[in-house]
Amino acid sequence: MSEVLEKIKEGTNEVISIKDLKKKLESSKKLTIKMGIDPTAPNLHLGHTVLINKLKTFQDLGHQVIFLVGDFTAQIGDPSGMSEIRQTMTKEQIKLNMRTYTDQVFKILDRNKTKIVYNSEWLGKLEMSEFFNLIAKSTVARMLTRDDFKKRYLNNNPISMAEFLYPLLQAYDSVVLCVDIEIGGNDQKFNLLLGREIQRSYGFNDVQTVITMPLLEGTDGIKKMSKSYNNYIALNDSPKDMFGKIMSISDELMYKYYKLLTQVDFNSIKNMHPKDAKYALALTIVERYYTKEISLKTKDEFDNIFVNKNISNDIIKKYYLIDADVKLSDLIFKSGMVLSKNEAKRIIAQGGIKIDFKKVNEDFIIRCEKSFILQIGKKKIIKILVKNTN
RNA sequence: GGGGGUGUGGCAGAGUGGUCUAAUGCACCAGACUGUAAAUCUGGCGGGCUUGCCCUUCGGUGGUUCAAAUCCAUCCGCCCCCA
């Protein structure tokens with residue numbers, strides 16, 4: 001039993017409370033574990049996998065895992081950690097995002113053993129009277145104890161009634177689903193704890209155990225991984241992007257990623273050269289979401305491009321040059337790799353353009369004689385194919 | 001309902017008639033150095049071209065003025081206090 005408990009506790013930020021959890025595990029009842037994600041972005045990313053992995057632990061122990069898609073709550077917007085009012089999302093946006101979610105989840109969880117639910121199923125049908133019954137169970141003062149609400153309130157920043165009530169809806173999910181354990185990110189702590197209180201108000205004898213997981217920083221190493229900060233590594237990023245993004249993180253962050261995303265023993269990597277350790281991490285992650293073969297191939301490609309400066313045809317984007325004469329800046333703009341011609345000119349002026357691996361300046365004249373490789377900065381590489389006019 | 005305040009570039013935040021494409025910081029992009037690291041340094045960071053000029057931007061609209069982010073009117077958003 002203590003072995004199981006250790007396994008569950010591993011990597012968590014907090015378990016509230018351990019005593020609860022122990023009791024539940026000892027009851028040998030099949031427990032219901034919930035984790036919810038609002039489909040506010042089309043992709044799940046590695047940050048989410050920290051939670052999903054923990055869910056997987058419970059699944060492997062034979063418990064019932066519920067993956068909750070917050071299609072209803074997404075319309076309101078979780079205010080957690082937000083310093084400003086959230087844009088509400090339309091049903092269409094949400095639907096679009098939801099479509100890709102479940103497949104991505106099953107890259108980790110067992111499809112046959114996972115229950116997927118959508119909270120619009122019950123929240124969408126909630127009677128006004130029942131809704132008031134719910135919100136009567138908490139108080140304004142209680143809500144304002146939440147740090148981000150308090151900060152916003154003190155800074156005279158707006159808090160909409162909708163987001164103010166959000167935590168109650170999440171708590172209500174736990175009531176409807178009779179959840180024994182809820183898993184969430186560290187920033188979810190308030191919402192998760194409120195779930196306990198609300199369950200109690202609804203007459204639950206045993207309220208949910210709360211497990212919080214540390215937040216995974218994004219590739220910038222500062223903010224939490226999130227679509228809105230554009231610092232994420234998505235589960236359906238191409239192997240090349242996934243590999244590249246991991247290689248570009250700082251060493252310090254790499255060790256955190258090891259801790260939160262892999263089971264690798266720290267002792268086995270601490271003596272490695274950071275670069276090699278990072279290679280190993282990138283390989284591990286890409287392998288998990290693709291295959292070993294793909295991960296190895298991706299590494300080769302990566303080395304080819306960035307170490308050997310040797311680019312093979314099948315790994316770069318292609319662009320067909322049709323016109324006979326094109327200015328360099330126009331070509332760069334037309335290739336779609338920059339947003340404006342001015343930007344193209346700027347990059348040229350700053351020496352950021354290479355053609356066939358040689359730096360070129362603005363006087364460079366493009367000859368429509370043979371195909372060539374165009375590099376814009378370090379990361380954008382495309383091959384320009386000269387269309388044969390005859 | 002009454003009173004006060006506020007709205008500036010992706011974000012934060014200066015600017016209260018011309019010198020404003022708008023200080024500064026963050027973010028972002030490029031270069032140098034590297035391990036496509038990080039840190040640091042340098043440059044850039046609205047659009048267009050015939051590179052010197054043109055066009056567009058300070059919540060929206062209208063106005064005053066030779067000249068408006070800045071003044072006036074009006075509308076919209078947001079915050080606070082009183083009820």
Side-chain angles (χ1 to χ4, degrees), chain A residues 81-88 144 149-164 217-233 237-258 269 272-283 285-286 298-311 315-316 326-330 332-355 357-363 373-381:
Chain A
M82 286 290 167
S83 55
E84 57 192 276
I85 217 157
R86 291 202 62 148
Q87 289 296 313
T88 55
L144 280 176
F149 280 153
K150 190 161 51 187
K151 271 192 195 136
R152 282 162 66 175
Y153 190 66
L154 288 175
N155 288 329
N156 293 344
N157 288 326
I159 303 166
S160 80
M161 288 307 286
E163 16 174 28
F164 204 58
E217 283 112 327
T219 48
D220 57 6
I222 300 164
K223 289 185 277 224
K224 74 163 182 170
M225 187 176 282
S226 160
K227 164 87 178 168
S228 33
Y229 301 137
N230 196 26
N231 62 1
Y232 64 98
I233 301 173
D237 270 348
S238 67
K240 181 177 153 249
D241 282 346
M242 214 180 244
F243 201 95
K245 283 180 186 178
I246 294 166
M247 289 307 286
S248 75
I249 63 174
S250 71
D251 292 350
E252 192 196 355
L253 189 61
M254 169 184 70
Y255 294 113
K256 285 189 186 162
Y257 276 27
Y258 260 112
I269 51 161
M272 285 169 88
H273 187 284
K275 184 189 169 194
D276 295 329
K278 211 176 285 174
Y279 266 127
L281 177 69
L283 282 169
I285 303 278
V286 173
T298 307
K299 181 182 180 298
D300 285 346
E301 288 171 356
F302 181 86
D303 284 345
N304 251 329
I305 297 172
F306 296 109
V307 182
N308 306 328
K309 310 285 184 195
N310 182 6
I311 295 168
I315 54 160
I316 50 183
V326 181
K327 275 172 61 182
L328 181 56
S329 58
D330 286 343
I332 293 165
F333 174 66
K334 281 187 189 166
S335 73
M337 305 305 280
V338 298
L339 295 171
S340 72
K341 289 182 189 174
N342 273 347
E343 188 181 347
K345 286 178 190 169
R346 263 180 242 131
I347 296 173
I348 296 168
Q350 295 185 121
I353 302 296
K354 286 183 192 162
I355 283 185
F357 312 106
K358 274 189 271 213
K359 207 173 267 190
V360 296
N361 61 28
E362 48 202 313
D363 304 324
I373 306 277
L374 173 66
Q375 268 172 288
I376 304 158
K378 276 177 201 145
K379 291 166 193 163
K380 297 172 183 166
I381 303 173

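None of these values were measured; they are calculated from a predicted model. Throughout, protein chains are lettered first and strands after them, A, B, ... in sequence-line order, and every chain is numbered starting at 1.
Here the separation of B:G18 from B:A22, taken at their P atoms, is 14 Å to the nearest Å. For B:U6 and B:A14, the C1' atoms lie 16 Å apart once the distance is rounded to whole Å. Comparing the P positions of B:C58 and B:A68 gives a spacing of 13 Å, expressed to the nearest Å. If you take atom P in B:G4 and the same atom in B:U16, they sit 23 Å apart, rounded to whole Å. Between B:G35 and B:U21, the two P atoms lie 45 Å apart (nearest whole Å). Using atom C1' as the reference point in both B:G63 and B:U70, the two lie 15 Å apart (nearest Å). Nucleotides B:C78 and B:A27 have their P atoms positioned 31 Å apart, rounded to a whole Å. B:G25 and B:G13 have their P atoms separated by 16 Å, with the value rounded to a whole Å.
Where A:I246 and A:I376 each meet RNA chain B at their nearest nucleotide, the meeting point lying more 5' is that of A:I376. In terms of position along RNA chain B, the nucleotide closest to A:G377 lies nearer the 5' end than the nucleotide closest to the other residue of the pair A:E252 and A:G377.
Residue contacts for A:I249: at a heavy-atom cut-off of 4.0 Å it reaches the sugar-phosphate backbone alone, with no base atom in range.
In this structure the side chain of A:E252 never reaches within 4.5 angstrom of the side chain of A:E217, judged on heavy atoms. For the pair A:F164/A:L144, a side-chain contact is recorded, criterion being any heavy-atom separation below 4.5 Å from C-beta on. Here the side chains of A:I376 and A:I353 are in contact, with some heavy-atom distance below 4.5 Å. Counting heavy atoms from C-beta on, the side chains of A:I285 and A:F243 never come closer than 4.5 Å.
For the atom pair CD1 of A:I347 and CD of A:Q375, the computed distance is 12.5 Å after rounding to the nearest 0.5 Å. In this structure, A:S329 OG and A:E343 CD are separated by 12.0 Å, a value rounded to the nearest 0.5 Å. Within the model, atoms CG of A:D303 and CE of A:M247 stand 8.0 Å from one another, a figure rounded to the nearest 0.5 Å.
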**Message:** For nucleotides 1-7 of chain B, give me one character per nucleotide, 5' to 3': B if any protein heavy atom sits under 4.0 Å from the base, S if the only such contacts are to the sugar-phosphate, - if neither.
**Reply:** -------
**Message:** Each nucleotide in nucleotides 40-50 of chain B should get exactly one letter: B, S or -. Can you fill that in based on protein heavy atoms under 4.0 Å?
**Reply:** ---BSS-BBBS
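With a 6.0 Å cutoff to the six-membered ring centre and a 45° limit on the axis angle, A:K245 counts as a cation-pi contact of A:Y232.
Nucleotide B:C28 has B:G44 as its partner under the Watson-Crick or G-U criteria, with both atom distances under 3.5 Å. Nucleotide B:U50 has no partner under the Watson-Crick or G-U criteria, as no pair reaches both atom distances under 3.5 Å.
Separating the NZ atom of A:K256 from the C1' atom of B:A38 is a distance of 13 Å, rounded to the nearest angstrom. Residue A:D220 contributes atom CG, which lies 10 Å from atom P of B:A39 at whole-angstrom precision. Atom NZ of A:K354 is separated from atom C1' of B:C29 by 16 Å (rounded to the nearest Å).
The base of B:G35 is not paired with the side chain of A:D276 by any donor and acceptor separated by under 3.5 Å.
Ion pairing between A:E301 and A:K240 fails under the 4.0 Å rule for side-chain N and carboxylate O.
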**Request:** Assess whether side chain to side chain contact (heavy atoms under 4.5 Å, CB included) is satisfied between A:I269 and A:L281, documenting all intermediate values.
**Result:** CA-CA 10 Å; A:I269 51 161; A:L281 177 69; over 6 Å; no
Strictly under 3.5 Å: I want the nitrogen or oxygen pairs between protein and nucleotides 77-81 of chain B, one per line.
{"residue": "B:C79", "atom": "O2'", "partner": "A:N156", "partner atom": "ND2", "Å": "3.3"}

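Checking B:G35, B:U36, B:C29 against the side-chain heavy atoms of A:I347 singles out B:C29 as nearest.
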